[in-house]
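First the structure, in the form of structure tokens, and then the observations on it.
Residue numbers start at 1 and run along the sequence shown.
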Amino acid sequence: MTFRGSLRARTYAAGAALLLALSACGGTPEAEPSPTTSASAPSTSAEPSPSDVPSSSSPAVAKPGTVPPPWLGTRVLKEDAEGYGIAGPTPKELRNRAWTLPDMIPMLPGDGFTAEVDIAPDEVIARSTWVPGCPVSRRELAWVRMTFWGFDGARHTGEMLINARVAEDVVGVFRQLYEARFPIEQMDITTKAALDAPPTGDGNGTGGFVCRPSVGQTSFSQHAYGLAIDLNTFQNPYVKGDRVIPELARWYLNRSRRAPGMIHPDDVVVHAFADIGWEWGGDWNSLKDYQHFSENGT
């Protein structure tokens, strides 16, 4: 297959899961209605007006930012000469982003943090980006399932592939994030289809192994060794010059924001990874990769 020099593997995975989410909740919530009351004196009429009568059939209005827009993962961006998406400002629907997509694997038992680690089975490898020629053998990859807190304040279960040598350390990191209730939108394994998909610029994945080069380079990324993790890619974009990935995440380049899911210096995420000796791309000088943590700091 062709490896593209981009972070697409973490920027398009929302499409299929979104369809499940929308079908489960019956579609997109209605827009918030405008107020129907005023500051004038109450009516003296014996019969209440329709606006005074609560309706048990009125749909609940979701808080802005808690429900994905119906077009998430479907609007393909025009590409520049290097194959990156051409995007403008962040759509208002993607600002203060705070939803969690449906789990794609069964919930792990218990009511707290739980993790299961196994050598990746054939069916998991088959739906990943691993192919012969990747710089790590398939037997060196661990299949990790673990619980995490969603933006909805609920317990969720996700999965990732990671180098087996560091699997227990990585589980320890996510245990700390769970205990701190750091929110995650989704945790999944990148597929070959996602890796080669056209850019939509609005994905928000958390995961480890992706067999691809580093952005703008021909050498393998640390993700291809299973020795790097990206976390909430939309709230924590990659930026180098005018290049932003995911392409619609420019609103989150203002790192003074304290929106949920963002990573900041000296917070629980940075400290948890530092505890296992991993470094943060947000500390880099030539570019910033706010989503990225790796064992060797690249």
Side-chain angles (χ1 to χ4, degrees), residues 7 10-35 58-77 85 87-104 147-158 174 177-178 180-188 194 199-207 230-239 244-264 267-269 282 288-292:
L7 294 182
R10 295 261 56 86
T11 62
Y12 316 124
L18 173 63
L19 295 177
L20 292 175
L22 294 178
S23 62
C25 67
T28 307
E30 295 183 8
E32 185 172 359
S34 58
S58 298
V61 177
K63 181 180 178 181
T66 60
V67 176
W71 47 262
L72 186 72
T74 66
R75 293 180 175 178
V76 176
L77 302 174
T90 303
K92 67 181 188 310
E93 297 94 333
L94 301 183
R95 302 169 191 169
N96 292 307
R97 181 171 180 160
W99 59 73
T100 291
L101 297 177
D103 296 353
M104 302 304 289
T147 53
F148 63 91
W149 280 104
F151 287 89
D152 56 1
R155 182 178 183 261
H156 291 266
T157 297
F174 281 89
L177 301 192
Y178 185 93
R181 297 201 173 198
F182 181 84
I184 294 173
E185 180 170 316
Q186 62 178 348
M187 182 187 296
D188 60 356
T200 59
D202 57 3
N204 194 21
T206 292
D230 288 341
L231 182 60
N232 284 345
T233 55
F234 200 85
Q235 283 97 349
N236 303 290
Y238 167 101
V239 56
V244 178
I245 306 173
E247 292 92 336
L248 295 179
R250 293 180 181 275
W251 190 81
Y252 282 97
L253 294 184
N254 180 353
R255 303 310 289 180
S256 66
R257 301 188 193 280
R258 310 300 295 188
M262 294 180 70
I263 301 168
H264 295 95
D267 70 7
V268 63
V269 184
K288 298 293 184 182
D289 199 351
Y290 295 110
Q291 64 199 248
H292 182 84

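A distance of 10.0 Å separates CZ in R257 from NE2 in H264, rounded to the nearest 0.5 Å. One finds the CZ atom of F151 at 8.0 Å from the CD1 atom of I184 (value rounded to the nearest 0.5 Å). The OG1 atom of T233 sits 5.5 Å away from atom CD of Q291, with the distance rounded to the nearest 0.5 Å. Taken to the nearest 0.5 Å, the CG atom of N204 stands 12.0 Å off from the CG atom of L248. Note that CG of D202 is 7.5 Å distant from OG1 of T74, once rounded to the nearest 0.5 Å. A distance of 13.5 Å separates NZ of K63 from CH2 of W99, quoted to the nearest 0.5 Å.
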Evaluation steps, side chain to side chain contact (heavy atoms under 4.5 Å, CB included), between Y238 and H292
CA-CA 8 Å; Y238 167 101; H292 182 84; over 6 Å; no
Does the side chain to side chain contact (heavy atoms under 4.5 Å, CB included) test come out yes or no for R255 and N236, once each step is laid out?
CA-CA 9 Å; R255 303 310 289 180; N236 303 290; 2.7 Å; yes
Starting from the C-alpha separation in whole Å, work towards a yes-or-no answer on side chain to side chain contact (heavy atoms under 4.5 Å, CB included) for F182 and I263.
CA-CA 10 Å; F182 181 84; I263 301 168; 4.2 Å; yes
Kindly determine whether T147 and Y178 satisfy side chain to side chain contact (heavy atoms under 4.5 Å, CB included), including the steps that lead there.
CA-CA 8 Å; T147 53; Y178 185 93; 3.8 Å; yes
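Checked options T90, I245, D289, L253; the residue passing with P237 is L253 (criterion: side-chain contact (heavy atoms from CB on, under 4.5 Å)).
Using a 4.5 Å cut-off on side-chain heavy atoms (C-beta onward), R75 and T200 make no contact. The closest side-chain heavy-atom distance from F174 to L231 is below 4.5 Å. Put simply, the side chain of M104 does not reach to within 4.5 Å of the side chain of D188, judged on heavy atoms. Under the 4.5 Å side-chain criterion, counting only non-hydrogen atoms from C-beta, E185 is not in contact with F234. Between V239 and Y290, some side-chain heavy-atom pair lies under the 4.5 Å cut-off.
For the pair T100 and D152, the tightest heavy-atom approach, listed with the atom from each and the gap, is OG1-N, 4.0 Å.
A cation-pi arrangement is not found for R97 relative to W251, the charged atom failing to lie both closer than 6.0 Å to the ring centre and inside a 45° cone about the ring normal.
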